[in-house]
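In the text below, chain A, chain B and the rest are named by the order of the sequence lines, each starting its count at 1.
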Protein chains: 2
Amino acid sequence: MMTLRQLRYLAAIAETRHFGRAAALCHVTQPALSMQLQELEHMLGCRLVERRRNAVDLTAEGQEVAQRAAAILAAVADLEDYARREKPPLIGVLRLGIIPSIAPYLLPRALPLLHDRFPQLDLRIRETQTAPLVEELIRGDLDLIVAALPIDRPELETLNAFEDRFLVARQTRAGARADARMEPAALASEHLLLLEEGHCLRDQALSVCGALSSNIHMAFGASSLSTVMHLVANGYGITLLPEMAADMERTDRVELIRFTDPEPVRTIGIAWRRSSSRRSDAAALAKVLLDARA
Amino acid sequence: MMTLRQLRYLAAIAETRHFGRAAALCHVTQPALSMQLQELEHMLGCRLVERRRNAVDLTAEGQEVAQRAAAILAAVADLEDYARREKPPLIGVLRLGIIPSIAPYLLPRALPLLHDRFPQLDLRIRETQTAPLVEELIRGDLDLIVAALPIDRPELETLNAFEDRFLVARQTRAGARADARMEPAALASEHLLLLEEGHCLRDQALSVCGALSSNIHMAFGASSLSTVMHLVANGYGITLLPEMAADMERTDRVELIRFTDPEPVRTIGIAWRRSSSRRSDAAALAKVLLDARA
DNA sequence: AGGCACGATAAGTTTATCTTATCGTCATGA
DNA sequence: TCATGACGATAAGATAAACTTATCGTGCCT
């Protein structure tokens, strides 16, 4: 088997035309270099270096081999450079999962930003609920997922991107002040409309209203926030709306009311396999999401 | 230091996506491959392979590195192929020395043949007497020399190409038969004209007439055969003419007479440094010279 | 003739690399 | 649910590769 070491020694000889100086160049003793070169010649089945009384020269084959060796060593050096260099994030294929209560509100602003800042990124987006996203991520079918944290899986790491307030959405009522705040307890008498099972938003809303759960009348789960908001607009009940959806879901027939402090929030973040090397991609993406939200 | 071995192992993993099978592919055990791969990752400072529960995959960096590794390994394989392949002779630069009593007669026929059969040959010709040719050959300033053999130097090897008869050249005499032969002893009464000191041809001619040397009247040495032949044509004496020069030097005023058997000859051959790898070039050139003489 | 420069060779040591054995974790299946 | 098998990591000891120091042989130079 040929070794890079042998090629390095040959290159040194090509450069110095002297065994001793070549050895010094390689930080080994002359016999070590002599023997490796002999081994190389024996392996290739031809003499590469002509040892003469006064001088050392490459044979015709030696010159060609040394030239190829130099090219190989350069390629090796390039490889090392490449691997050791801080690699810019978000380059190449990125399979990104994102949940339905984020995607339609954040992506329209985030995608142009991403494309702008990371033109070499080749994004493959998958939208579904948290549980399947996590499974696909762990299985290796996704590289990153954007979802509500925490996600507690030992094989995953996560990074918080930003917090997203919950607002109360209810049918517009005459005489309501625009800057009014509402206590969670005030929801006790309302009919709470939620997304269908499996959406983390449903669980989070229930959690916000946890203390009052016995008082809440739950509607059958809807499959999209947009549907829920139509129900709300028509007086079927109230719902908790993530603030990031406010712009898109706002209508005259619904008023959006902030909670009193401390306002309940959901934490939006990014998760990736601990064993993957996507931390820097996640960090870069988190920044883009934060900027997109502003 | 990165090693080719590590690159080979990485390539095997890229191919199999499985440590055990990759190890089998490399004819080593799995721990050996695992450790070399870890060493490579540690050296490059980034993870190349993602070890997951069920599967193994290359990271983004791993894919790039594996691609470069494959290119490097291919270049190494090409180098080995190149070096091990029987290399066609007479390619590239060849610094050829040739003596003056051969060059003008053989080269006009040999050069077109050479160019025809070995178009990639880049020939650098030097013409001088044997002694300086041998010195330059040994010093490494020439690759091959064409001269009269034997040349006895321990650092040189030689190959006979062909033999070249000596003819007697004398002023044309009335009544001479065209197919007459001559005994060397018949030269005893003649005035022998020779090249100047240093030409091997001079020594060879003297050697042919060695037994009669006391009887021979020697002219001052001329510097070319052509000059000698002019002297012969004008009746200043006779000379020994190598047969290969006969065509070119023949005139009506000179007759060329063969010796009786065994005809004296000089041996034309090729010499090269034992330490160089020019044997195959020498062999190929010898064949061309032989063909050129025909 | 003696000293020096240079690459080859020999012997012994150090370093790399490999093998065998084993662990820990996860997935599978009765 | 517990046993089993697959897989990569790790540990310890063995083997092989590579190196160092010392020395040789040869040619060159003063």
Side-chain angles (χ1 to χ4, degrees), chain A residues 1-10 12-43 47-59 62 134-135 137-140 153-156 273-276, chain B residues 1-10 12-43 47-59 62 134-135 137-140 153-156 273-276:
Chain A
M1 274 291 118
M2 194 160 79
T3 69
L4 285 179
R5 192 184 315 236
Q6 291 164 349
L7 298 187
R8 285 190 253 266
Y9 290 177
L10 175 63
I13 289 219
E15 187 179 337
T16 61
R17 297 169 177 278
H18 187 286
F19 278 65
R21 279 189 280 281
L25 214 66
C26 298
H27 307 104
V28 293
T29 55
Q30 168 262 317
L33 186 133
S34 280
M35 286 169 58
Q36 288 296 318
L37 193 69
Q38 284 178 50
E39 178 59 26
L40 180 62
E41 288 180 326
H42 181 260
M43 199 170 36
R47 188 156 282 266
L48 303 174
V49 174
E50 192 186 333
R51 289 87 160 160
R52 210 135 17 76
R53 314 295 148 219
N54 293 323
V56 156
D57 252 315
L58 296 186
T59 63
V134 166
E135 288 316 306
L137 179 59
I138 289 176
R139 203 163 57 230
R153 294 296 214 99
E155 52 270 77
L156 298 185
R273 286 185 305 284
R274 196 178 295 280
S275 63
S276 81
Chain B
M1 274 292 117
M2 194 161 80
T3 68
L4 285 179
R5 189 183 317 232
Q6 291 163 351
L7 298 187
R8 286 190 253 266
Y9 290 178
L10 175 63
I13 289 221
E15 186 179 337
T16 61
R17 296 167 178 280
H18 188 286
F19 279 65
R21 280 188 281 281
L25 214 66
C26 298
H27 305 104
V28 294
T29 55
Q30 169 262 318
L33 186 136
S34 279
M35 287 169 59
Q36 288 296 319
L37 194 69
Q38 284 178 50
E39 177 59 27
L40 180 62
E41 288 180 326
H42 182 259
M43 199 171 37
R47 188 157 283 266
L48 303 174
V49 174
E50 192 187 334
R51 289 86 160 160
R52 212 135 14 77
R53 313 295 148 219
N54 293 323
V56 156
D57 253 314
L58 297 186
T59 64
V134 166
E135 287 316 306
L137 179 60
I138 289 176
R139 204 164 56 230
R153 293 296 215 99
E155 53 271 77
L156 299 186
R273 286 186 305 284
R274 196 179 293 281
S275 63
S276 81

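The side chain of B/Thr3 sits closest to C/dT17 out of D/dT20, C/dT17, C/dG7.
Phosphate proximity of C/dA16 to B/Gln36: absent, as no side-chain N or O sits under 4.0 Å from OP1 or OP2. Here B/Tyr9 does not reach the OP1 or OP2 of C/dT17: none of its side-chain N or O atoms lies under 4.0 Å away. Residue B/His18 places at least one side-chain N or O under 4.0 Å from the OP1 or OP2 atom of D/dG8. An OP1 or OP2 oxygen of D/dC19 is reached within less than 4.0 angstrom by no side-chain nitrogen or oxygen of A/Gln30. Contact check, A/Arg52 against C/dG7: no side-chain N or O comes under 4.0 Å of OP1 or OP2. One finds a side-chain N or O of A/Thr29 lying less than 4.0 angstrom from the OP1 or OP2 phosphate oxygen of D/dT20. Taking 4.0 angstrom as the limit, B/Arg53 places none of its side-chain polar atoms (N or O) nearer than this to OP1 or OP2 of C/dT25. Distances shown here put every side-chain N or O of A/Ser34 at or beyond 4.0 Å from the OP1 or OP2 atom of C/dG7.
One atom, CE of A/Met2, and another, P of D/dA17, lie 17 Å apart when rounded to the nearest Å. C/dC18 atom C1' lies 16 Å from atom CG of B/Leu37, rounded to whole Å. Rounded to an integer number of Å, the gap from NE2 of A/His27 to P of C/dT15 is 17 Å. Spacing between atom CZ of B/Arg5 and atom P of C/dC18 amounts to 4 Å, rounded to whole angstrom units. Following rounding to the nearest Å, A/Glu39 (CD) and D/dA18 (P) show an atom-to-atom distance of 7 Å. Atom CE of B/Met35 and atom C1' of C/dT17 are 7 Å apart (whole Å). Taking atom CZ of residue A/Arg274 and atom P of nucleotide C/dT25, one finds them 15 Å apart after rounding to whole Å. To the nearest angstrom, C1' of D/dC19 lies 16 Å from CE of B/Met1.
Toward the 5′ end of DNA chain C lies the nearest nucleotide of B/Pro31, the other residue of the pair B/Pro31 and A/Pro154 mapping further downstream. The residue among B/Gln6 and A/Arg21 whose nearest nucleotide of DNA chain C is located toward the 5' end is A/Arg21. Each of B/Arg17 and A/Leu33 lies near DNA chain D, and the nucleotide nearest B/Arg17 is the one positioned closer to the 5' end.
Using a 3.5 Å distance cut-off with no hydrogens or angles, the side chains of B/Ser275 and A/Glu50 do pair a donor with an acceptor.
Summarising the geometry of B/Pro154 relative to B/Arg274, their closest heavy-atom pair is O-NE, 3.0 Å, with the distance given to 0.1 Å.
The only member of A/Leu25, A/Val49, A/Leu48 that meets side chain to side chain contact (heavy atoms under 4.5 Å, CB included) when paired with A/Ile13 is A/Val49. Tested against A/Leu37 for a side chain to side chain contact (heavy atoms under 4.5 Å, CB included), the candidates A/Arg51, A/Gln6, A/His42 yield a single pass: A/Arg51.
The main-chain N or O of B/Leu156 is never found under 3.5 Å from a side-chain atom of B/Arg273 such that the two would form a donor-acceptor pair.
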